[in-house]
Peer 1: 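I am attaching a structure below and will ask some questions about it afterwards.
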Amino acid sequence: MKVRVRFAPSPTGGLHLGGVRTVLFNYLFARAHGGDFVLRIEDTDQARFVAGAEQYIMDCLQWCGLEPDESPVKEGQYAPYRQSERKHLYAEYAQKLVTEGNAYYAFDTTDDLERMRREMKKDEHSVPQYDKTTRMQMRNSLTLPADEVKTLLDQGTPYVIRIKVPADKTVTLTDMIRGEVSFDSNLVDDKVLLKADGMPTYHLAVVVDDYLMKITHAFRGEEWLPSAPVHVLLWENLGWKESMPQWAHLPLILKPDGNGKLSKRDGDRLGFPVYAMNWTDPKTNETTKGFREMGFIPQAFVNMLAMLGWNDGTGQEVFSLDELVQKFDIGRVHKGGAKFDFEKAKWFNHQYIQHTDNEELAKLAAPYVEKELGIGNLDLGLLSTVVPLIKDRCTLLPDFWEQGHFFFRTPTTIDEAAIKDKWNDQKQQFFTAWTGILTATDNWNHQDLENSFNEEVTKHGLKKGDVMLPLRIMLVGGKFGPGVFVIAEVIGKEETMKRIKHITG
RNA sequence: GGCGUGUUGGUCAAUCGGUUAAGACGCCUCCCUUUCACGGAGGAAUGACGGGUUCGACUCCCGUACAUGCUACCA
């Protein structure tokens, strides 16, 4: 049987780290087994639906290089791929469940439900749930006479369809990561399957679609584990037990400080991204920063995510996507959640910057440099020359500007205090003399520059260290950057002289 | 509260009954570097707790604690 996996997000907002990791594991599994990776949009919640989120999710997958084989815009033979467009299918199967006694109509209003829960809470030992202990006190097709149910239905009374969870049954499922997990059906509540608006809930939709789309392996977050018994029951009641996918409930990605699931808020609070790419909420117009815009290389981002909850046991940490396809093993995924460490994430990006070739890096860094320069057509030749000089000290793509702006523009802020502190006539005379020599020279390369600098230092009875730092500050503005003479060579004679004279007068 | 899941240094983690308990990030020291980094060499730091099982337990079992997830006509 052909392996088929799916990523099934709700289009409600930005794409979270954990979501991308789920995509990645799906993708790796599909590629390794010659299977299909499907993107299905779970847009059944009309209240939380956000326009543009679907396109955004696809853009994120594209940026990450994890594109699906089938999706709403690349339909395969199981179209449509949006649940809102499959609405009629769910109603059909919900009806079947009712007919066969595995589900029932419920007419309770929101107030009814609230009242029931309030009543139940008074008794400390009971749990406010719509289940076998309470359903016979509610208004549904199990308690109402058949003709009354028919009348209500004919009158168009709003209703939902709930699963009738059987009593005294142990529901067991085998998880590829956790092994056998079992639940007591007496503690599982009668989940709503079909909502009053005719849309299915996740529980019904995921089962119906996984079945119809012939999904063989289902990866999802650990938060779904508690509702897994409902899904297993549905697979059984619909008569599809033999086709049920193999489950894998992925560990959660936790916040770095304290505990709990990593959320967008944590990123805002701690100053790192949580979403793959910038996300602008269409309602509030508020933009949340993404890994892409923060300056991550997609391959580094993906690599980092792979190592969050998985490793190949050898200690290797840097893997290409192809290597991951080859080595990824769902059985080696951890059971426990992992706290997200932004420092480590940056380390991965630093690794990728060191291993990416200079031409490619220049292209990646160009947008950030152009933005700072306020131009749109930067000379990539110059950037390519600069890249190898500063890549060691760049962790994120914007660092190419931070570390190399003086190659493109005369420094705007110069740490003059660091020069003036120990300034004296001797140094003043040295620079005057040396710039005089520079004016006359035609050999503008770092080696000759350094030689003439050394000679002049000796002539003036100075130590090289006395004037190296001032020269550096004149050229770059501060105490950082690659070798000064190399910088002078790159920025050229005119610019070098200009920067020195700006300080020495 | 109930149910589920989990627990090796600050963080990510290897180990799958016998090791001086790897490695990485971060941190500290030193070297390299007349800047800042990179790099190199060192260092501090770990099996939640209590019972079993076993010749032997980080590893298996039970309990406790703690953490986390779920307990919506949200996913």
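Per chain, numbering begins at 1; letters A, B, ... match sequence-line order.
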Peer 1: For A:Asn424, enumerate each residue passing the side-chain hydrogen bond (donor to acceptor under 3.5 Å, both in side chains) test, keeping only those at least two apart in sequence or located in another chain.
Peer 2: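 A:Asn424 satisfies side-chain hydrogen bond (donor to acceptor under 3.5 Å, both in side chains) with no other residue.
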Peer 1: Considering only the P atoms, how many Å lie between B:C38 and B:G26, rounded to the nearest integer?
Peer 2: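 To the nearest whole Å, 8 Å.
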Peer 1: Indicate for each nucleotide in nucleotides 20-31 of chain B, in 5' to 3' sequence, whether protein heavy atoms under 4.0 Å reach the base (B), only the sugar-phosphate (S), or nothing (-).
Peer 2: ----BS------
Peer 1: Find out whether the Lys NZ or Arg CZ of A:Arg162 is both under 6.0 angstrom from the six-membered ring centre of A:Tyr130 and within 45° of the ring's axis.
Peer 2: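 Yes.
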Peer 1: For A:His231, check side-chain hydrogen bond (donor to acceptor under 3.5 Å, both in side chains) against everything at least two apart and list the hits.
Peer 2: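 Result, side-chain hydrogen bond (donor to acceptor under 3.5 Å, both in side chains) vs A:His231: A:Arg220.
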Peer 1: Partners of A:Gln83 by side-chain hydrogen bond (donor to acceptor under 3.5 Å, both in side chains), sequence neighbours excluded?
Peer 2: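 For A:Gln83, the residues satisfying side-chain hydrogen bond (donor to acceptor under 3.5 Å, both in side chains) (neighbours in sequence not counted) are A:Glu42, A:Asp209.
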Peer 1: So which heavy atom on A:Met120 is nearest to which on A:Pro128, and how close?
Peer 2: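 Closest pair (atom of A:Met120, atom of A:Pro128, distance): CB-CA, 3.8 Å.
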Peer 1: With a 4.0 Å heavy-atom cut-off, tell me which residues in residues 386-407 of chain A come close to RNA chain B, sorted by residue number.
Peer 2: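 Heavy-atom cutoff 4.0 Å gives A:Asp392, A:Arg393.
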Peer 1: Throw together a table of side-chain donor-acceptor distances under 3.5 angstrom for residues 397-409 of chain A, partners on residues two or more places apart or in other chains.
Peer 2:
unit_1: A:Asp399; atom_1: OD2; unit_2: A:Thr395; atom_2: N; d: 2.8
unit_1: A:Asp399; atom_1: OD2; unit_2: A:Leu396; atom_2: N; d: 2.8

Peer 1: Sticking with atom C1', work out how far B:U46 lies from B:C55, rounded to a whole angstrom.
Peer 2: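 Result for the C1' pair: 27 Å, nearest Å.
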Peer 1: Using the P atom as the point on both nucleotides, what is the distance between B:U8 and B:A48, in whole Å?
Peer 2: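 Result for the P pair: 7 Å, nearest Å.
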Peer 1: List for me each residue that meets side-chain hydrogen bond (donor to acceptor under 3.5 Å, both in side chains) alongside A:His350, sequence neighbours excluded, and say none if there are none.
Peer 2: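 Residues passing side-chain hydrogen bond (donor to acceptor under 3.5 Å, both in side chains) with A:His350: A:Gln354.
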Peer 1: Taking the P atom in each of B:C49 and B:A65, what is the distance between them to the nearest angstrom?
Peer 2: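 Comparing P positions in B:C49 and B:A65 gives a spacing of 16 Å.
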Peer 1: Distance between the C1' atoms of B:A14 and B:U53, in whole angstroms?
Peer 2: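 About 26 Å, rounded to a whole number of Å.
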Peer 1: Can you tell me how far P in B:C25 sits from the matching atom in B:U20, rounded to whole Å?
Peer 2: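 Their P atoms lie roughly 26 Å apart.
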Peer 1: Let's see if you get this right: which residues in residues 13-23 of chain A place a heavy atom under 4.0 Å from RNA chain B?
Peer 2: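 The answer is none.
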Peer 1: Please map the stems of RNA chain B, keeping only stretches of three or more Watson-Crick or G-U wobble pairs with both distances under 3.5 angstrom.
Peer 2: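 Output for stems: B:1-7 with B:65-71, B:10-12 with B:23-25, B:27-31 with B:39-43, B:48-52 with B:60-64.
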Peer 1: For A:Asp108, give me all partners under salt bridge (Lys or Arg N to Asp or Glu O under 4.0 Å), at least two apart in sequence or on another chain.
Peer 2: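 So A:Asp108 forms no salt bridge (Lys or Arg N to Asp or Glu O under 4.0 Å) with any residue.
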Peer 1: Test of understanding: with salt bridge (Lys or Arg N to Asp or Glu O under 4.0 Å), list the residues that count as partners of A:Asp210, not counting sequence neighbours.
Peer 2: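 A:Asp210 satisfies salt bridge (Lys or Arg N to Asp or Glu O under 4.0 Å) with A:Arg6, A:Arg40 once adjacent residues are dropped.
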Peer 1: In whole Å, measure the gap between the P atoms of B:A24 and B:C62 for me.
Peer 2: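 The same atom, P, in both gives a distance of 36 Å.
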Peer 1: Summarise protein proximity over nucleotides 57-75 of chain B in one line of letters, 5' to 3': B for base, S for sugar-phosphate only, - for none, counting protein heavy atoms closer than 4.0 Å.
Peer 2: ----------SSBSS-BBB
Peer 1: Say we look at B:G47 and B:C58: how far apart would their P atoms be, to the nearest angstrom?
Peer 2: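 It comes out at 11 Å once rounded to the nearest Å.
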Peer 1: Of the candidate nucleotides B:U35, B:U11, B:U5, which contains the atom at the shortest distance from the side chain of A:Lys339?
Peer 2: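 Of the options given, the side chain of A:Lys339 lies nearest B:U11.
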